[in-house]
Amino acid sequence: MRQSQLFTKTRREAPKDEVSKNAQLLIRAGYIHKEMAGAYTFLPLGLRVLNNIMAVIRGEMNAIGGQEISMTALQEPEVWKVSGRWNDEVVDIWFKSELKAGGEVGFANTHEEPLTRLLTQHISSHKDLPRYVYQFQTKFRNELRAKSGIMRTREFIMKDLYSFSKTQEEFREFYEQCAEAYVRIFNRLGIGDKTFRTFASGGSFSKFSDEFQTVSDAGEDTIYIDERRHIAVNKEVYNDETLDSLGLDKTYLREAKSIEVGNIFPLGTKYSAPLGLTYKNEAGESVPVVMGSYGIGPARAMGTVVELLCDEKGMVWPESIAPFAVHLVELSGGNKEVSAEAGELYRTLTEAGIEVLWDDRDLRAGEKFSDSDLLGVPLRVVVSEKTLSEGAFECTERKGGKTQHLSISELQTRLTHV
Ligand code: ATP
Ligand code: MG
């Protein structure tokens, strides 16, 4: 993509109404646009990152047997009345409206009830189980506070997977597989070393769930970390009984603020029993399906990456999710030969399947470099009169700032071996 064609502009100053670092940087760089408190539009660069994050998650969910669907965001009250969750005292973040034709409608804040009901039409025998269904779908939540930028919004896409198993044992096996997939996801997003599987409250069957918490002062949660085992305990369940059951010793735990980037929940038969999702076991008896739910907020994960990996100059994207692999910065100052060389490099890399953002704008070098630092593309390649005379491009890693002078073939090798 040619940067001269990009409709978004960078800005020097952070918007005054944003307190979180992720929103300040993403807005300054033109990745997102704030529509109102707790609601952001994803612009071309931001959408590329979000799509890359979703692709990483999708790959891992498919690898453990997930089948992707897309449910509606409009939900009818009846199914929620069966579980008791239509009640505003039970679920305090509902957005609801009225239909012109009469009656109420809800805007999805989660999908256990409608999906459980849907599956009653497809699951009847033990041969139909286990099954794993997921989606990337818009959730609406009337959150009281929306001060964490894209990490807590009132409208957001969630990856929500639901597992349907015959027995507790079968459920547990998948639960652990999904936990492992989550570890791989957060590693691939570049935040694995700071993300801890965290013992937390909230499961319907066992009363406990597992959260994936990333250490950051921008977080709203507090956890106690055991670095040696790379696990943690959420403050809400931090007591002697929990620590004993996990074999954790208080003296080795470190308190930290953290961001809940994902979580996995045992649901037991909380939804399958009231909604009638049962199967016939081999003895011919009708048994409720054992369920679990598994969420990740791609935008919250994106905000977390910004919070953790940025520096004083701007964002620093890991190669796995960066909007482009290369930021080609042309410093031609009107020199046609330099422009031609930049164009040639752009075509060669693009044809090799490498995503390139080409800064072909007529601006001073200083402005181009500060924009480049702000945007955070992993590798900056400068084409100038100097590089032309040297016969090698100046390639600088955004992370760490290491510079190398590479020929086009060396550059291609470097980019295809990441
Ligand atoms: P929190 O305690 O932070 O409100 P939650 O327990 O409500 O999170 P879930 O309902 O389990 O979270 O949602 C699954 C995932 O969706 C979370 O782990 C998080 O990554 C993401 N998520 C939840 N609420 C939001 C939100 N308001 N904005 C963006 N992402 C969210
Ligand atoms: Mg919540």
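Values in this document were obtained by computation on a predicted structure and should not be read as measured data. First listed ligand is number 1; within each ligand, the first listed atom is number 1.
Within the cation-pi definition used here (under 6.0 Å to the ring centroid, within 45° of the axis), K96 qualifies as a partner of W86.
Atom CD of E173 has 12 or fewer heavy atoms from other residues, nucleotides or ligands within 6.0 Å.
Given atom 26 (C) of ligand 1, the protein heavy atom at minimum distance is F156 CE2, 3.3 Å. For atom 12 (O) of ligand 1, the closest heavy atom belonging to the protein is E260 OE2, 3.5 Å. For atom 28 (N) of ligand 1, the closest non-hydrogen atom on the protein side is T153 N, 3.0 Å. Summary of contacts: the protein heavy atom closest to atom 7 (O) of ligand 1 is R141 NH1, 2.9 Å. Distance from atom 11 (O) of ligand 1 to its nearest protein heavy atom, with residue and atom name: N263 ND2, 2.7 Å.
Less than 4.0 angstrom separates some heavy atom of G297 from each of these atoms of ligand 1: 15 (C), 16 (O), 19 (C), 20 (O), 21 (C). Below 4.0 Å from some heavy atom of E143 lie the following atoms of ligand 1, by number and element: 24 (N), 26 (C), 27 (N). Of all atoms in ligand 1, numbered sequentially from 1 with element shown, those under 4.0 Å from a heavy atom of G262 are 18 (O).
Looking at M158 against ligand 1, only its side chain comes within 4.0 Å, counting heavy atoms. At a heavy-atom cutoff of 4.0 Å, ligand 1 is contacted by the backbone of V261 but not by its side chain. Of the heavy atoms in K139, none comes closer than 4.0 Å to ligand 1. If you look at R300 next to ligand 1, the close heavy atoms, those under 4.0 Å, all belong to the side chain.
With Y132 as the partner, the ring-ring contact (aromatic ring centres under 6.0 Å, His included) test is satisfied by one option alone out of F164, F174, Y175: F174.
For atom 3 (O) of ligand 1, the choice among R152, E211, R145 with the nearest heavy atom turns out to be R152. The heavy atom nearest to atom 29 (C) of ligand 1, out of those in E220, M151, R154, M302, is found in M151.
Remark: R197 engages D210 in a salt bridge, criterion side-chain N to carboxylate O under 4.0 Å. Using a 4.0 Å cut-off between a side-chain N of Lys or Arg and a carboxylate O of Asp or Glu, R361 and D359 qualify as a salt bridge.
Although no hydrogens or angles enter the test, the distance criterion places no donor-acceptor pair under 3.5 Å between the side chain of W317 and the main chain of A325. Between the side chain of K159 and the backbone N or O of Y294, at least one donor-acceptor pair lies under 3.5 Å. Put simply, the side chain of K257 gets close to the backbone of G219: a donor and an acceptor are under 3.5 Å apart.
Residues passing the salt bridge (Lys or Arg N to Asp or Glu O under 4.0 Å) test with D249, sequence neighbours excluded: none. Checked against side-chain contact (heavy atoms from CB on, under 4.5 Å), D362 has no partners two or more places apart in sequence or in another chain.
For ligand 1, the polar-atom distance check against G295 finds no nitrogen or oxygen pair separated by under 3.5 Å.
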